[in-house]
Amino acid sequence: MNKAAITAVEYYLPHDVLRNEDIAKEHPEWSIEKISLKTGIQNRHIADKDEFASDMAIKAAEKLFSGYNIDKGSIDFVLLCTQSPDYFLPTTACIVQNRLGLSKRCGAFDFNLGCSGFVYGLGIAKGLIHTGQARNVLLLTTETYSKFIHPADKSNKTLFGDAAAATLVSSVLDSTLAGEILEFEYGTDGSGAEHLIVRNGGARSGFKKNRTDTTEVADDYLYMDGKAIFEFTAFAIPPLIDDTLKKHKLIVNDIDLFIFHQANEFMLNTVRKRCKISPEKFYIHLNDCGNTVSSTIPIAIKEALLEGKIKKGDKVLLAGFGVGLSMGATVLQF
Amino acid sequence: MNINDFIKELKDQFIDGDDISLEPQTNFRAIESWDSLTGMSVLVMIKDEYQVDMPVDVLKNSKTVQELYDFIVSNKK
């Protein structure tokens, strides 16, 4: 059976930065300093008004190709994770295939997930490689939540940032650092669907926003029930981690680094303590980019690699969780 | 269960838990470091340690540590 491994990771942050000082100016009554202490976020990058999911994904992919000297002709599958596609049809991944100049014999499709998206993407990529359907999968995560956060929504503005990441999942393991993708545990709880939602814009609103009948303006924008998401994370993630470790016949101490979806630092520390993970093994990176949804994990992996926090022989546990409600975890063996 | 154990658990949810003092009559929401994230953490702790689902409104309307504790005692199965 073909093994599948992450052999390259790169990411792109849009040019415009929304800093805590900017938020403080817009909302003087909002104690941003206090909040940044708890959320761990100083800056978020915001996509240009003419910059969309495909644009950011392409920039991340091009950075990946040049940074790792990858022959883009070798890509035979494109997976693109987004909840803000350029169009609801056609598939953004197809547009990206064309603009990147990838082979016309590539497979390509989008999948709609948020914070759990990267882990699911790894699962799909591993499946494609295992079954001989692909050898080099380009996994793209790209998100522009900023485009549906209401200008007056201080809390979501504070938390979310835009970004895209490009990851190569390959059956060819001769690169200098390859994180072999091991087993997966997934979870879904659709009863929590309304806890993180943009109500309008899809079929249920006639594909329209700015409706004048019964829906409120708020329905055009992102709504997040912070308490419900916090509870979901606090109660559902520790068992997910337990099950993931059991599946690999490992214990917490066998893992060298834990990289969770970077939602906000306070919540991450709460979950860390509940999972009984020591702070030195728990990676945090969101100070300069905030919660970039499906890109938080690949961005963190890239930064951890750059900081030398991941070495050959290390086991890294990834866990993504959030909108859906959806969650997934896996272990990488470097 | 006793209120001192509860106070210990409650202090743990504050980001500066080691530096603050909590008594039964303390208005916990007046503490400098209290905010909605601390509140969420407290609700999770109460569910975890005491298996009591405290609604956000009860937390918001409680003025002292004692009031929180009394709710837990009367709702514990």
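Residue numbers start from 1 in every chain, and the chains themselves are labelled A, B, ... in the order their sequence lines are given, proteins ahead of strands.
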### Query
With a 4.0 Å cut-off, would you call A/K246 and A/E185 a salt bridge?
no
### Query
B/T38 and A/K38: side-chain donor and acceptor closer than 3.5 Å?
yes
### Query
Any ion pair linking B/K8 and B/D5 (charged N to carboxylate O, less than 4.0 Å)?
no
### Message
Exactly one of A/K154, A/K157, A/R19 should register a salt bridge (Lys or Arg N to Asp or Glu O under 4.0 Å) with A/E26. Which one does?
### Response
A/K157
### Query
What is the ring orientation for A/H261 with A/F321, classed by angle as parallel under 30°, tilted 30 to 60°, or perpendicular over 60°?
perpendicular
#### Entry: Side-chain ion pair, A/D256 and A/K315, N-O less than 4.0 Å
no
### Query
Non-hydrogen atoms of chain A under 4.5 Å away: do they reach the side chain of B/I15, the backbone, both or neither?
side chain
### Task
Taking heavy atoms only and a threshold strictly under 4.5 Å, list by residue number the residues of residues 55-62 of chain B that touch chain A; give 'none' if the list is empty.
B/V56
